Amino acid sequence: MTTLPTSTAKAPPFGTVPAPSMVVAEAVRGSFGPARTEPMGTLAIHPFAHALHYGSACFEGLKAHRGVDGTVRLFRYQRHVARMRRTAELLHLPVPPEALLAGMIRDAVAANLEVAPASPGALYLRPLLLGTDPNIGAAAAPSADALLLVLASPVGDYFAGGDRALRLKVETDIPRTTPAFGEAKAGANYVLALGVTRQARAAHGVDQVLFAPDGDVQEAGAANFLLLSEDRLVTRNLDGSFLHGVTRDSVLQLARDASLEVEERPVRLEEVLAWPGEAALAGTAAVLAGVGELVHEGRTHTIGDGTVGPVTRRLREALLAIQRAEAEDRHGWLTPVDGTEPA
Ligand SMILES: *Cc1c(COP(=O)(O)O)cnc(C)c1O
């Protein structure tokens, strides 16, 4: 039986607890067969599989939240479906039909309802798509066979250790990803950023790296970057250079709802270093995390007073309140899953 993160016990680290069921579908010569729900377990995969050699692998990350009424609801899952389809296209993988992937995500929640923790915990969903053509000669050809999985994991409060503001190293030389892959949620992007991130951690004791090639601010290694003040939110406009976060989009909407002026435009590093307000990182795992310090050219720049700012806190609370079904879901972001889905 899976151990649930609870408020009394120390929760296991994010992503280390597999939920009991997973949902699986296979594509053969480009077309996907039906989905089935199986017990979580190891995969049988041909050692010649394309993904293992040539990086044809991508994923998604989203959450289902247990509301104050006990109902479990997916948060904006159609957005994640659309984004995975976009990533699959960029990787020249078979693109899962929208209805298939959406149904698999709902099935994965329905099959794991009993391990969906109460807020601030959540059931994290991890769709995964792998190219499985058994051909190690196909380095320059796409994989027409694929394996699609939706995995689940009960997760605790990301801020269980307190909501200390983050310290980021600014990287102006090495890009996070190749230009063609900015929008792709591909494992390859993470391994590309790994060396820079490890080195920054060791040298400067930072939490993450903010990628700003030649001073052009893109995003952090796994989260979007926002500047905030009492009346404004500034963030990079959607282009091919970074991952278009669902959390980013949600926070922008909540900022507009709260009458902040939202500016989506290129952001220069000089503006960030001189910004008088707050800065934050937005992503599904951490929701909205305050940034307190930036390390650039060996100097530490404090943002605001170096702590998690009030606007960041308010926007994070507004988002969490919707996810807990405590506040009205004005934008239709939640989809209840009641366990009666065909499994
Ligand atoms: C997943 C991810 C994000 C955050 O996206 P959300 O949809 O908000 O979870 C941001 N940047 C990168 C590089 C990512 O992989």
Side-chain angles (χ1 to χ4, degrees), residues 14-15 55 57-65 74-88 90-91 101 105 122-129 150-153 155 158-159 166 168 171 174-197 200 207-213 216-226 233 235-255 264 267 279-289 291 312 315-316 318-320 322-323 331 333-335:
F14 189 99
C58 63
F59 66 99
E60 265 302 323
L62 66 157
K63 282 177 177 170
H65 304 267
L74 279 160
F75 183 73
R76 305 192 75 180
Y77 80 117
Q78 295 94 338
R79 284 276 181 143
H80 293 273
V81 168
R83 192 169 68 189
M84 185 170 226
R85 286 164 49 81
R86 170 79 182 130
T87 302
L90 288 166
L91 270 71
L101 179 53
I105 293 172
L123 188 67
Y124 181 77
L125 284 312
R126 168 55 64 94
L128 177 68
L129 179 63
V150 180
L151 313 171
S153 174
V155 296
Y158 200 84
F159 290 102
L166 302 176
L168 311 182
E171 175 56 58
I174 301 170
R176 179 185 66 89
T177 176
T178 63
F181 258 41
E183 268 186 80
K185 206 168 177 79
N189 282 340
Y190 282 77
V191 85
L192 272 176
L194 191 56
V196 180
T197 308
D207 301 286
Q208 282 204 36
V209 170
L210 178 65
F211 289 90
D216 184 29
V217 178
Q218 293 174 339
E219 65 170 323
N224 295 141
F225 183 76
L226 314 174
L233 185 160
T235 194
R236 187 180 183 90
N237 52 296
L238 297 177
D239 63 13
S241 75
F242 74 103
L243 204 282
H244 302 172
V246 177
T247 313
R248 169 194 178 280
D249 186 78
S250 306
V251 169
L252 263 55
Q253 183 60 56
L254 295 176
E264 295 181 75
V267 178
L281 294 184
T284 293
V287 188
L288 193 61
V291 174
T312 302
L315 289 169
R316 183 166 86 208
L319 183 55
L320 291 172
I322 293 170
Q323 293 172 338
H331 302 288
W333 286 343
L334 299 174
T335 306

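Quick caveat, the model's predicted, so the values are computed rather than measured. All ligand and atom numbering here is 1-based and tracks the order in the structure.
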Task: Contacting atoms of ligand 1, where contact means under 4.0 angstrom from a heavy atom of Y190 - done: 12 (C), 13 (C), 14 (C), 15 (O)

Open item on the list: I'd like to know if the side chain of N224 and the backbone of G283 have a donor-acceptor N/O pair within less than 3.5 Å.
Closed with: no

Task: Protein residue, atom and distance nearest to atom 9 (O) of ligand 1, heavy-atom basis - done: T284 OG1, 2.6 Å

TODO: Give the residue, atom name and distance (to 0.1 Å) of the protein heavy atom nearest atom 3 (C) of ligand 1.
DONE: A222 O, 3.6 Å

Open item on the list: For atom 2 (C) of ligand 1, what's the nearest protein heavy-atom neighbour? Residue, atom name and distance, please.
Closed with: K185 NZ, 2.6 Å

Task: Which of the ligand 1 atoms, numbered from 1, are nearer than 4.0 Å to a heavy atom of H80 - done: 7 (O)

Task: Per-atom contacts, ligand 1 versus G245 - under 4.0 Å to a heavy atom - done: 5 (O), 6 (P), 7 (O), 8 (O)

Task: Check: R236 side chain, V217 main-chain N or O, donor-acceptor pair, under 3.5 Å - done: yes

TODO: List the closest protein heavy-atom neighbour of atom 8 (O) of ligand 1: residue, atom name, distance to the nearest 0.1 Å.
DONE: T247 OG1, 2.7 Å

Open item on the list: Tell me the contacting part of F242 for ligand 1: side chain, backbone, both, or neither, using a 4.0 Å heavy-atom threshold, strictly below.
Closed with: neither

- [ ] May I ask you to identify the nearest protein heavy atom to atom 13 (C) of ligand 1, giving residue, atom name and distance to one decimal place in Å?
- [x] R176 NH1, 3.3 Å

Task: Side chain, backbone, both or neither: the part of R83 lying under 4.0 Å from ligand 1 by heavy atom - done: side chain

- [ ] Provide the number and element of each atom of ligand 1 under 4.0 Å from a heavy atom of E219.
- [x] 10 (C), 11 (N), 12 (C), 13 (C)

Task: Distance flag, aromatic centroids of F14 and Y124, threshold under 6.0 Å - done: yes

Open item on the list: Rounded to the nearest 0.5 Å, what separates atom CZ in F75 from atom OG1 in T284?
Closed with: 8.0 Å

Task: Worked verdict on F225 versus V267 for side-chain contact (heavy atoms from CB on, under 4.5 Å) - done: CA-CA 10 Å; F225 183 76; V267 178; 5.5 Å; no

Open item on the list: Regarding E60 and R83, does a basic nitrogen lie under 4.0 Å from an acidic carboxylate oxygen?
Closed with: yes

TODO: Mark up the atoms of ligand 1 that fall under 4.0 Å of a heavy atom belonging to G221, in ascending order.
DONE: 13 (C)

TODO: Answer yes or no: are there more than 12 heavy-atom neighbours, outside R79 itself, under 6.0 Å from its atom CZ?
DONE: no

TODO: Distance to 0.1 Å, residue and atom name: give those for the protein heavy atom nearest to atom 4 (C) of ligand 1.
DONE: G283 CA, 3.9 Å

Open item on the list: Quick check: V246 and ligand 1, any N/O pair under 3.5 Å apart?
Closed with: yes

Task: Distance-minimising heavy-atom pair for Q208 and A220 - done: OE1-CB, 3.4 Å

Open item on the list: Using only atom types and a distance under 3.5 Å, with no angle test, would you say the side chain of Q218 pairs donor to acceptor with the backbone of P213?
Closed with: no

